[in-house]
Amino acid sequence: MAEQRYDPNEIEPRWQELWANERAWEVSNDPGEQGTGTRGGSHDAYYVLEMLPYPSGEPHIGHLKCYAVGDAIAHFNRRLGRRVLHPMGYDSFGLPAENHAIKTGVHPRDSTAASISSFQRQFRSWGISIDWSREFATHEPRYYRWTQWIFLQLFGAGLAYRKEAAVKWCPKDQTVLANEQVVDGHCERCGALVEVRQLEQWFLRITDYAERLLGDLEEIDWPEHVKTMQRNWIGRSEGAEVIFRCEELGVDYPVFTTRPDTLFGATFFVMAPEHPDVLRLVADTEHEQAVRDYVNHALTESNEDRGNAEKQKTGVPLGRTVTNPVNGEQIPMYVADYVLMEYGTGAIMAVPGHDERDHAFAQAHDLEIRRVIEAPNGSSEDGEENTLPYAGDGPLVNSHPDFDGINNRQALAKIVAWLDREGKGHSSVNYRLRDWLISRQRYWGCPIPIVYCESCGIVPVPEDQLPVELPDIEDFTPKGRSPLAAAEDWVRTKCPSCAGPARRETDTMDTFVDSSWYFLRYCDAANEQAAWEEEALRQWMPVDQYIGGVEHAILHLMYARFFCKALADLGHLDFQEPFSALFTQGMVTKDGAKMSKSKGNVVSPASITERYGADTARCYILFVGPPDQDADWSDDGVEGVHRFLGRLYRLASAIAEHEDDQPAGPDAQDADLQIQRKTHWAIDKVSHDLRRFAFNTAIAAVMELLNECSRLREQASAETLRFALSQGASLLFPFAPHLCAEVYEMLSGKRVWEEPWPQADQGLLERETYELVCQINGKVRDRVMASAEASSQELVALCTAAPNVRAHLDGKEIVKEIVVAGKLVNLVVR
RNA sequence: GCGGCGGUGGCGGAAUGGUAGACGCGGAGGCCUCAAAAGCCUCUGUCCGAAAGGGCGUGUGGGUUCGACUCCCACCCGCCGCACCA
């Protein structure tokens with residue numbers, strides 16, 4: 001038997017070339033027409049998509065993991081007879097390319113193109129089964145033309161608007177940021193401390209969709225932690241809006257509260273320093289100077305300092321009062337930085353008896369602290385329930401004869417109903433979610449298709465003039481305004497409405513806009529007349545399986561859902577959710593730490609692929625552990641997987657040379673049956689494991705099958721070995737496509753990717769005899785062979801007859817017999 | 001503080017309430033070889049024991065059960081998200 005050396009560098013390019021030449025993974029939008037390489041049979045459409053890569057430098061190991069997962073799913077579904085859409089593109093606008101340009105002078109278009117071709121090369125060398133006919137990059141005018149078109153749709157519907165607001169500004173990247181891009185007061189990208197600036201910017205009205213974004217999470221098959229993160233981010237709170245009137249000025253100040261039941265305990269009123277009325281309230285009063293000083297100080301404070309809950313509660317009186325609507329009391333007004341302008345109405349009623357923060361402020365400023373909720377029947381083991389602030393439930397006290405004595409949760413509803421009747425408030429829902437700020441003062445992004453006309457104001461660029469192309473510029477350095485502003489020839493334009501002089505918008509869009517709809521474009525990527533044909537979307541959308549890193553749990557995944565709903569409302573789509581199922585893959589670390597250039601612990605997929613081949617790299621990354629968990633890279637582990645693939649190849653090549661009628665060993669029947677059983681067991685196991693993303697145990701099952709074949713190699717018939725190994729290759733194909741195509745062809749002469757997924761023979765999954773576990777009081781004492789047909793009585797008899805069971809019974813009384821047919825007998829003895 | 005996820009050999013990890021530790025790595029011994037590499041074979045949770053066998057063992061403490069890594073309660077630790085959100 002000749003054994004051949006496993007040489008992935010010879011095998012892999014050969015299959016890649018064949019698949020490329022045959023356009024094996026292209027799929028048509030016409031359900032009647034088969035994609036060149038796809039199987040006939042069912043016309044079931046299946047859309048599997050990995051999050052599109054940002055092309056910077058070379059792909060890293062995280063990309064390999066993501067696409068190894070996606071490709072396994074794609075192949076598995078193809079072989080289940082589905083028409084699988086598995087496309088690829090690039091999220092190619094963005095800051096890193098622009099920062100690179102500032103440093104080196106290389107145009108972002110050039111560095112991006114270089115990186116894209118490097119990604120293309122590697123994806124091909126990994127053998128990922130992509131429909132390349134649908135490929136695009138988001139910086140191409142043929143794509144961003146439609147990004148602009150979507151912006152205009154949103155603008156037309158009032159969902160894109162311009163507003164002056166206090167916005168987050170990154171001093172290093174010299175641009176504003178969305179709320180979602182600020183992490184702990186720092187820029188998500190570069191880590192610089194974020195400042196606040198008052199600027200007029202473009203926003204998308206995602207808050208209109210807060211309720212639906214929250215509610216529809218129920219409809220989708222996403223990991224619980226991602227849903228939770230989105231729920232937290234949306235931050236829905238139920239409560240009431242209550243009006244506090246400042247009689248002196250005749251102004252109503254609504255506040256949002258989740259605790260209207262504590263209204264009778266409101267002893268003061270606090271406004272955020274940014275509240276537009278603060279200075280007006282103190283104008284020309286003795287308090288004016290102190291308030292001005294305080295507000296100025298608060299505004300210059302860093303987000304980090306201000307956000308610190310441990311900090312001393314500061315604030316100054318405004319010298320005014322408002323009326324507590326439930327009891328007519330005049331309560332003093334303050335300005336304090338613990339109240340945030342961006343949440344609720346920017347003003348609060350303060351209930352120091354039942355809110356920790358208000359309590360701290362009241363103590364610091366010597367304000368009345370009133371108990372209005374009693375802790376339930378004085379159950380004060382440690383006395384804590386009786387101290388204030390008390391945030392728990394209980395009956396109302398010191399409130400009003402109508403409410404005193406009633407449990408606070410019931411009183412809450414009654415008080416809100418009363419407010420409503422009196423016109424002093426109503427129940428209300430508040431969200432933490434803010435509108436999405438999409439303006440960026442940067443060059444390398446999609447231009448916003450808007451012009452500013454002296455007479456017409458804000459004018460959208462007409463659809464037939466799209467795309468508004470990004471002009472070439474020389475100087476990419478940010479100067480606090482968009483580098484595009486320097487392109488005077490481009491900026492100066494005619495008003496589309498009145499043909500008068502006008503200027504173009506010079507900010508570009510947040511790159512998350514680009515990636516909020518790309519999955520739609522794949523469905524109809526070549527369409528030059530429209531962003532998509534509805535029929536094309538009907539074919540594929542929503543995405544059946546989306547795959548990506550958990551770092552996009554909020555940003556990208558929330559924005560894409562919002563786009564989907566907004567476009568559906570505008571009649572462009574007929575579904576509400578873009579991604580029916582989501583899988584988030586874990587990080588790949590080295591020695592427990594995140595890989596990074598600065599740490600010098602980066603494992604490059606290219607070097608692994610060169611040394612071991614793509615099949616080894618892909619199998620290893622899936623074998624190392626559950627793919628949704630973080631995995632630590634181990635060079636020894638890679639060796640182990642490589643050895644396994646080599647053993648499969650060598651054994652298969654030896655068997656391939658055998659004639660099937662070659663005489664088998666003396667125990668051939670036994671060995672053959674064992675191998676056949678193991679084969680069908682593996683088919684069953686891998687099929688199940690693929691459906692639950694348990695790739696590690698699926699690969700382990702094929703290893704077990706190979707171990708069984710190796711062990712029984714001398715005894716079993718060549719025919720059986722040929723069958724077992726070809727099925728093994730067939731099962732492993734989604735993970736190691738090149739090797740398995742090779743092995744399958746060697747053994748069967750057929751193309752494995754055109755074969756249907758193997759079916760396990762139920763008859764061979766069941767066994768005639770099995771090892772019966774014999775327990776006494778739940779402890780395993782012996783094991784004996786039992787027939788599958790044996791009755792409970794027979795099984796008990798077998799068990800009591802087992803030598804070690806007898807030794808342990810030793811005169812004791814059996815009080816109970818538990819029989820689990822096919823598994824065990826447990827004797828309960830005394 | 002609130003919410004989510006997790007805690008199993010030397011390591012990565014397996015286990016629809018039914019043999020804990022599959023599979024792989026690492027380690028030990030052996031075969032092959034002039035030698036090495038590659039490959040192959042055996043052993044490998046821990047303690048007692050020559051062995052047979054037995055004790056212990058899935059973060060901690062309880063509970064349910066004939067039987068618990070798995071279910072319930074309380075707690076400890078770790079990771080992630082949100083957080084002065086009214």
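Everything numeric here is computed off the predicted structure, so don't read it as measured data. Note on naming: letters A, B, ... go to the chains in the order of the sequence lines (proteins, then strands), and numbering restarts at 1 for each one.
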Among [options], which is the nearest nucleotide to the side chain of [X]?
| X | options | answer |
| --- | --- | --- |
| A:Val339 | B:U16, B:A86, B:A14 | B:A86 |
| A:Thr697 | B:U19, B:A15, B:A86 | B:A15 |
| A:Arg650 | B:A83, B:G39, B:C84 | B:G39 |

Looking at [N], which nucleotide sits across from it as a Watson-Crick or G-U wobble partner, both distances under 3.5 angstrom, or is there none?
| N | value |
| --- | --- |
| B:A68 | none |
| B:A15 | none |
| B:A22 | none |
| B:G29 | B:C41 |
| B:G6 | B:C77 |
| B:U58 | none |

With rounding to the nearest 0.5 angstrom, report the [atom1] to [atom2] distance, [X] to [Y].
| X | Y | atom1 | atom2 | answer |
| --- | --- | --- | --- | --- |
| A:His680 | A:Gln762 | NE2 | CD | 10.5 Å |
| A:Arg650 | A:Ile655 | CZ | CD1 | 13.0 Å |
| A:Asp261 | A:Asn408 | CG | CG | 4.5 Å |

Using a cut-off of less than 4.0 Å, is there contact between a side-chain N or O of A:Arg231 and OP1 or OP2 of B:G81?
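Negative; the distance criterion is not met.
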Would you kindly give the [atom1]-to-[atom2] distance between [X] and [N], to the nearest whole Å?
| X | N | atom1 | atom2 | answer |
| --- | --- | --- | --- | --- |
| A:Trp633 | B:C11 | CH2 | C1' | 17 Å |
| A:Leu557 | B:G81 | CG | P | 15 Å |
| A:Leu340 | B:C82 | CG | P | 16 Å |
| A:Arg783 | B:G18 | CZ | C1' | 13 Å |
| A:Leu795 | B:G18 | CG | C1' | 14 Å |
| A:Asp689 | B:G13 | CG | P | 17 Å |
| A:His359 | B:A86 | NE2 | C1' | 16 Å |

I'd like to know if [X] pairs up with [Y] as an ion pair, taking the criterion as any Lys NZ or Arg NE/NH1/NH2 lying under 4.0 Å from an Asp or Glu carboxylate oxygen.
| X | Y | result |
| --- | --- | --- |
| A:Arg409 | A:Asp393 | yes |
| A:Glu708 | A:Arg677 | no |
| A:Lys424 | A:Glu241 | no |

Identify whether any heavy atom of [X] sits under 4.0 Å from a base atom; if not, whether one sits that close to sugar-phosphate; answer base, sugar-phosphate or nothing.
| X | result |
| --- | --- |
| A:Pro626 | sugar-phosphate |
| A:Arg692 | sugar-phosphate |
| A:Asn696 | sugar-phosphate |
| A:Val255 | nothing |
| A:Val624 | sugar-phosphate |

Using the [atom1] atom in both, what is the distance from [N] to [M], to the nearest Å?
| N | M | atom1 | answer |
| --- | --- | --- | --- |
| B:U64 | B:A28 | C1' | 44 Å |
| B:A14 | B:G4 | C1' | 25 Å |
| B:G57 | B:G13 | P | 24 Å |
| B:U8 | B:A20 | C1' | 8 Å |
| B:U19 | B:C11 | C1' | 25 Å |
| B:U42 | B:G62 | P | 43 Å |
| B:U70 | B:C32 | P | 49 Å |
| B:C69 | B:U58 | C1' | 5 Å |

Please determine, by modelled atom types, if [X] and [Y] share a side-chain donor-acceptor pair under 3.5 angstrom.
| X | Y | result |
| --- | --- | --- |
| A:Asp277 | A:Tyr253 | yes |
| A:Asp782 | A:Asn804 | no |
| A:Asp630 | A:Thr589 | no |

For [range], give me one character per nucleotide, 5' to 3': B if any protein heavy atom sits under 4.0 Å from the base, S if the only such contacts are to the sugar-phosphate, - if neither.
| range | value |
| --- | --- |
| nucleotides 48-57 of chain B | -----SSSS- |
| nucleotides 23-32 of chain B | BSSS------ |
| nucleotides 63-75 of chain B | ---B--------- |
| nucleotides 2-7 of chain B | -SS--- |

Heavy-atom nearest nucleotide on RNA chain B for A:Ile348 versus A:Trp233: which residue maps closer to 5'?
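Checking each residue's closest nucleotide, the 5'-ward one belongs to A:Trp233.
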A:Leu824 vs A:Asp337, nearer the 5' end of RNA chain B by closest nucleotide
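Whichever sits nearer the 5' end wins; that is A:Leu824.
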By side chain to side chain contact (heavy atoms under 4.5 Å, CB included) - contacts of A:Asn179 (at least two apart):
A:Lys168, A:Trp233, A:Arg434
Would you say the ring centers of A:Phe512 and A:Tyr559 fall short of 6.0 Å from each other?
yes
Are A:Phe269 and A:Tyr334 an aromatic pair by the rule of ring centers under 6.0 Å?
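Distance test on ring centres: not under 6.0 Å, no.
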Atom pairs and distances, donor-acceptor, side-chain atoms in residues 616-625 of chain A, under 3.5 Å, two or more places apart:
{"from": "A:Thr616", "atom 1": "OG1", "to": "A:Tyr612", "atom 2": "O", "distance (Å)": "3.2"}
{"from": "A:Thr616", "atom 1": "OG1", "to": "A:His642", "atom 2": "ND1", "distance (Å)": "2.8"}
{"from": "A:Arg618", "atom 1": "NH1", "to": "A:Asp71", "atom 2": "OD2", "distance (Å)": "3.4"}
{"from": "A:Arg618", "atom 1": "NH1", "to": "A:Trp126", "atom 2": "O", "distance (Å)": "2.8"}
{"from": "A:Arg618", "atom 1": "NH1", "to": "A:Gly127", "atom 2": "O", "distance (Å)": "3.2"}
{"from": "A:Arg618", "atom 1": "NH2", "to": "A:Asp71", "atom 2": "OD2", "distance (Å)": "2.8"}
{"from": "A:Tyr620", "atom 1": "OH", "to": "A:Ser634", "atom 2": "N", "distance (Å)": "2.9"}

When you look at A:Arg647 and A:Asn707, which way does the side chain to side chain donor-acceptor pair (under 3.5 Å) test go after all the steps?
CA-CA 9 Å; A:Arg647 285 174 59 214; A:Asn707 289 346; 2.9 Å; yes
A cation-pi test, strictly: NZ or CZ of A:Lys313 under 6.0 Å from the centre of the six-membered ring of A:Phe361 and no more than 45 degrees from its axis. Yes or no?
no
Anti versus syn assignment for B:G29, with syn defined as within 90° of 0:
anti
Can you confirm whether A:Gln793 is buried at CD, in the sense that more than 12 heavy atoms of other residues, nucleotides or ligands lie under 6.0 Å from that atom?
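No, the 6.0 Å shell around CD holds no more than 12 heavy atoms from other groups.
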Would you name the heavy atoms of A:Pro260 and A:Val416 that are closest together and state the gap between them?
CG-CG2, 3.6 Å
